[in-house]
Amino acid sequence: MIREELSRAVADALDALVASGRLPGVDYGVPEISDTRSPEHGDFACNIALTAAKKAGMNPRALGEALVAELSKAAHLTIEIAGPGFLNFRVDPAYLAGFVPRILAAGDRVACTEPDRQLRINVEYVSVNPNGPITVGSGRGAAFGSCLANVLEAAGHIVHREYYINDGINSEQMRLFAESVAALVEGREIPENGYKGDYVAAVAARIASASVPSQSYREASQALMLERQREDLANFGVEFDTWFSEQSLHDRGDVDRCIEELTSKGVADERPRRFMLKLAKGGKIEEVVVEDQVEEEDDGEALHPPTLSSREREEGEKGTLWLRSTKFGDDMDRVLRRRDGRLTYIASDVAYHRDKLTDGSGIRGNGPVDKMITILGPDHHGYIGRLTAVVAALLEDPEVPTKDEHPLDAIEAEIYASPHERDACRLALEEARRRLEVVIFQIVRFMKEGQPAPMRKRDGNIYALIDLVDELGKTMAPDADQEEQRRIGRDVARFFYLMRSHESHMDFDIDLATSEGEDNPVFYVQYAHARLSGVVDKAREAGIEVNAETDLSLLVHPRESTLIKMILDLPFEVRRCAEDYGVHRLTTYATELARAFHHFYDACRVVQTSEPDLSRARVTLCEAARVGLQAVLGLLGVSAPTRM
RNA sequence: GCGCCCGUAGCUCAGCGGAUAGAGCAACCGCCUUCUAAGCGGUCGGUCGUGGGUUCGAGUCCCGCCGGGCGCGCCA
């Protein structure tokens, strides 16, 4: 609110200078209003005189002087030129206090802003295989994804939260998982690379007691694991609009249809060769390596799982079907259909992304999306290229006219049939990069007793997210009931995950996180909210009500002004987070807002029966601060307790 | 070899090309007869890995190097 007003004032001043012929009429951009480092520099700063100096053909200080002369016509502003040409704004406290009613009027929409262009965005996150509980590693993606979805929504976009269930019948990993469960149920030894954790035994026990027929082990174990995942995520405060089944794409025939489409477009084929690109630094193609797929190289049984009968194998036997993803910037072609006829995960991905783009299944009821955001863990970053290629292959249109500006060079000639195909593929790739954004969050290393705790699903050495939540809750509130412990554990875990940038590696020291207990910043923020709730209640008991009509110009204490400025920053922070996905800044912001309140509370007594007008103004400010804190905690998915 | 990420206070990490680089923890010293002390005030702590470049201005952008994590062929 306030930054927009100041920015507009500066823009108007520039316009006035242009109109009176003192400046050349060029585009100076939107003036940015930034924070000041120290109070001596006022409340806000603007560097427009520095950035526009060159375009204006003036030195920065002279331009600054001219702007100040224009701007000083506004009564509520004092402006100075400092350093190389900064405009330092000092705003009148009463002017600042005038924003308080606007904060109260915005209520729970106080964090919201209008986007430059509203987008329909599909955010997919977590999406792990249903072969184990949600781990602490996935917890980071869950916290990040849910927070990002909240932020994008607050920034004015239409957001759809989605979980992709990897329940495809062709999945090697799920086959192995089912086999491990089956082995336990039937008292055999778990296969060598099988899954060995306690949770596998738990699934096996439930299957055994329900006397599930052996041919349904796979479905049953998958369903049980999925149920557990949903529960764990709900307990972590993570919900989805859609749980999208991979298998449903096969059942509807979507995968077959997409493969048909790609084949007829010529971006997928059965030629027995794979193209691989040798890339130099910077992604330039150095060499195209063509590998002929010789039948003798077939390393036999490994590709033919025992669950597939020899009859099925014979029937499925066709040539390998390749997605020529090298046409779309991927570093090697990908298999869509294996030699034994079974489709790969990538084949499902093709259909899945088609469905996301068009909502062909109608499951979301949203229609086509402008942007797909897919949040993946650090071990999946190699997936960016192939997913982008998948989307590009879907978007490629051989009929689209291109300019065919130059002939194929030697390297291009190995990949593309014609200049037209090359240009069409490039257009599709550019569009794919706009439509699909794969966001990788970096690894979380869990430290226990000073040692990194290894985590692998298969050997059973996993650390479940829900166990972390419970552990944190129990340590920090030993006397609370389980529901309360879960809430506390969830709040602490979410805040901790979100404190660091998703693109930074992060150490999660369990011992430290639990031992630091009361010093956790989440309590600092929540305590501010509880204090605020308490003081507003206290005031009401004394007959002092929150009232937006009251004389707020009494709020002239520097700590009052600082608090108001801080609340007004929320939509600005949200907007930034929505632009670069750096939602971790909201934890910093929440801490700063809490600090601004604690400082205010320390210096300014709110409830004073001898000062009814001031008390009313202050309690009204308190309510505004409470609304702001509640909003930011809501975005983080952390609770805002009224008592602690 | 190629790709992604990281290197900032003793530790964990923030830091929008902008002014004197910040927070929490750890260590030390103070403040509760007054609205919640899970709070407030203060002290200590830095060659921003390194060398160049761009810029009026670089922790931030570009290039090189050093160090670390992760990933990289019919698993996902």
Side-chain angles (χ1 to χ4, degrees), chain A residues 32 34-38 40-41 45 47 50-51 53-54 59-60 82-86 88 128-129 166 168 171-176 193 274 276-281 283 286 291 293 298-299 302-303 320-322 331-340 342 344-346 349 377-385 440-443 445 499-501 503-509 512 516-521 523-524 526-528 530-539 541-542 576 579-580 582 584-585 587-588 591-592 595 598-599 601-603 605-608 615 618-619 622 643-644:
Chain A
E32 271 182 48
S34 58
D35 300 328
T36 53
R37 191 170 289 282
S38 77
E40 299 150 41
H41 297 137
N47 65 355
L50 294 165
T51 59
K54 208 168 258 178
N59 79 56
F86 292 105
N88 288 339
V128 297
N129 284 326
N166 296 264
S171 160
E172 280 296 301
Q173 293 188 7
M174 290 313 298
R175 184 183 61 73
L176 198 57
N193 288 321
R274 161 179 243 166
M276 299 204 290
L277 308 181
K278 228 172 128 180
L279 299 174
K281 264 208 171 115
E286 211 165 52
E291 236 179 40
Q293 306 289 304
D298 190 334
D299 42 348
L303 295 167
T320 302
L321 180 67
W322 295 96
D331 59 348
M332 63 180 91
D333 289 337
R334 307 288 169 176
V335 176
L336 287 171
R337 196 180 54 226
R338 301 174 174 103
R339 259 177 292 206
D340 61 17
R342 293 182 306 143
T344 61
Y345 187 77
I346 301 209
D349 268 338
D379 50 337
H380 282 69
H381 94 257
Y383 222 81
I384 299 174
I440 304 291
F441 62 88
Q442 290 300 317
I443 200 165
R445 207 167 47 145
M499 272 196 305
R500 272 75 197 200
S501 159
E503 53 189 24
S504 275
H505 298 198
M506 156 183 175
D507 277 357
F508 200 135
D509 189 322
L512 201 67
E516 272 178 11
E518 298 181 359
D519 299 319
N520 196 303
F523 296 140
Y524 182 82
Q526 289 182 316
Y527 181 58
R531 256 186 160 179
L532 277 161
S533 306
V535 79
V536 170
D537 284 348
K538 200 77 163 190
E541 284 166 24
R576 278 184 60 206
E579 275 165 16
D580 66 5
H584 65 285
R585 278 190 296 256
T587 61
T588 308
T591 308
E592 281 171 0
R595 192 187 336 274
H598 287 308
H599 285 183
Y601 186 86
D602 189 55
R605 181 157 181 98
V606 177
V607 183
Q608 299 176 76
S615 288
R618 283 185 173 164
V619 77
C622 282
R643 256 198 312 273
M644 280 178 80

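These numbers come from a predicted model, not from an experiment. Chain letters run A, B, ... following the sequence lines, proteins first, then strands; residues in each count from 1.
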Exercise. Return the value, rounded to whole Å, for the distance between atom CG of A:N520 and atom P of B:A38.
Key: 15 Å

Practice problem: Using the aromatic ring of A:Y527 (for Trp, its six-membered ring), decide whether it stacks on the base of B:G39 within the limits of 5.5 Å and 30°. | Solution: no

Quiz item: When you compare B:G59 with B:C48, how far apart are their C1' atoms, in angstrom units rounded to a whole number?
Solution: 5 Å

Exercise. Give a yes or no on whether A:E32 atom CD has more than 12 heavy-atom contacts from other residues, nucleotides or ligands under 6.0 Å away.
Key: no

Quiz item: What distance, rounded to whole Å, do you find between the two C1' atoms, one in B:C5 and one in B:G49?
Solution: 16 Å

Practice problem: List for me each residue that meets salt bridge (charged side-chain N to carboxylate O under 4.0 Å, His left out) alongside A:R595, sequence neighbours excluded, and say none if there are none. | Solution: none

Quiz item: Between A:R595 and B:G24, does any side-chain N or O lie under 4.0 Å from OP1 or OP2?
Solution: yes

Quiz item: Of A:A539 and A:E40, whose nearest nucleotide on RNA chain B comes first from the 5' end?
Solution: A:E40

Quiz prompt | Which residues share a salt bridge (charged side-chain N to carboxylate O under 4.0 Å, His left out) with A:D349, sequence neighbours left out | solution = none

Practice problem: Please state whether the phosphate of B:C75, meaning OP1 or OP2, lies under 4.0 angstrom from any side-chain nitrogen or oxygen of A:R338. | Solution: yes

Exercise. Return the stems involving RNA chain B, sorted by first number, where pairs are Watson-Crick (N1-N3 with N6-O4 or O6-N4) or G-U wobble (N1-O2 and O6-N3), both under 3.5 Å, and runs are 3 or more long.
Key: B:1-7 with B:66-72, B:10-13 with B:22-25, B:27-31 with B:39-43, B:49-53 with B:61-65

Quiz item: Quick check: does any side chain N or O of A:R643 sit under 3.5 Å from a backbone N or O of A:A530, one acting as donor and the other as acceptor?
Solution: no

Exercise. Rounded to the nearest angstrom, tell me the gap between atom CG in A:N88 and atom P in B:G18.
Key: 15 Å

Quiz item: Could you give the CZ-to-C1' distance, from A:F441 to B:G71, as a whole number of Å?
Solution: 14 Å

Self-check item: Per-pair stack call A:H380 and B:G71, 5.5 Å, 30°
Solution: no

Self-check item: Spacing of the P atoms in B:U20 and B:C4 (rounded, Å)
Solution: 35 Å

Quiz item: Given B:G15, B:C13, B:C35, which nucleotide is nearest the side-chain atoms of A:V607?
Solution: B:C35

Quiz item: Nearest-Å distance, CD (A:E592) to C1' (B:G15)?
Solution: 10 Å

Quiz prompt | Sugar-phosphate only, base, or nothing, as touched by A:T588 at under 4.0 Å among non-hydrogen atoms | solution = sugar-phosphate

Is there any protein nitrogen or oxygen under 3.5 Å from a nitrogen or oxygen in nucleotides 56-62 of chain B, and what are the pairs?
residue: B:C56; atom: OP1; partner: A:K54; partner atom: NZ; Å: 3.4

Quiz item: Rounding to the closest angstrom, what is the interatomic distance between B:A19 and B:U12 at atom C1'?
Solution: 28 Å

Practice problem: Nearest 0.5 Å please: distance from the CG atom of A:D331 over to the CE atom of A:M276. | Solution: 9.0 Å

Quiz item: Heavy atoms under 4.0 Å, any strand shown: does A:M276 hit a base, just sugar-phosphate, or nothing?
Solution: base

Quiz item: In whole Å, what separates the C1' atom of B:A14 from that of B:A9?
Solution: 13 Å

Quiz item: Taking the C1' atom of each, how far is B:C32 from B:A58, in whole Å?
Solution: 47 Å

Quiz item: Starting at NE2 of A:H598 and ending at C1' of B:C35, how long is that distance when rounded to a whole Å?
Solution: 14 Å

Practice problem: Determine, stepwise, if the pair A:H598 / A:R531 fulfils side-chain hydrogen bond (donor to acceptor under 3.5 Å, both in side chains). | Solution: CA-CA 9 Å; A:H598 287 308; A:R531 256 186 160 179; 3.1 Å; yes

Quiz item: If we take the P atom in both B:C44 and B:C28, what is their distance in whole Å?
Solution: 16 Å

Exercise. Write down the distance between CZ (A:F86) and C1' (B:A19), rounded to a whole number of angstrom.
Key: 5 Å

Exercise. From the options B:G18, B:A76, B:C74, select the nucleotide whose nearest atom is closest to the side chain of A:N47.
Key: B:G18

Self-check item: For atom CG of A:D602 and atom P of B:A38, their distance in whole Å
Solution: 14 Å

Shorter than 3.5 Å, N or O on both sides, protein versus nucleotides 32-34 of chain B: list them out with atom names.
residue: B:U34; atom: O2'; partner: A:R605; partner atom: NH1; Å: 3.3
residue: B:U34; atom: O2'; partner: A:R605; partner atom: NH2; Å: 3.2

Quiz item: Which part of the nucleic acid, if any, lies within contact of A:D349, taking any heavy atom under 4.0 Å across all strands shown: a base, the sugar-phosphate backbone alone, or nothing?
Solution: nothing

Quiz item: To the nearest angstrom, how far is A:E172 atom CD from B:G73 atom P?
Solution: 15 Å

Quiz item: Is A:R175 near enough to B:C75 that one of its side-chain N or O atoms lies under 4.0 angstrom from OP1 or OP2?
Solution: no

Quiz prompt | Span that lies between the P atom of B:G7 and that of B:C61, in whole angstrom | solution = 10 Å

Quiz prompt | Chi-angle category of B:C32 [syn within 90° of 0, anti beyond] | solution = syn

Within the sub-3.5 Å range, which N or O atoms of nucleotides 3-6 of chain B have a protein N or O partner, and how far apart are they?
residue: B:G3; atom: OP1; partner: A:G282; partner atom: N; Å: 3.2
residue: B:G3; atom: N2; partner: A:H381; partner atom: ND1; Å: 3.1
residue: B:G3; atom: N2; partner: A:H381; partner atom: NE2; Å: 2.8
residue: B:G3; atom: N3; partner: A:H381; partner atom: NE2; Å: 3.0
residue: B:C5; atom: O4'; partner: A:Q442; partner atom: NE2; Å: 3.4
residue: B:C5; atom: O3'; partner: A:E503; partner atom: O; Å: 3.1
residue: B:C5; atom: O2'; partner: A:E503; partner atom: O; Å: 2.5
residue: B:C5; atom: O2; partner: A:H505; partner atom: NE2; Å: 3.0

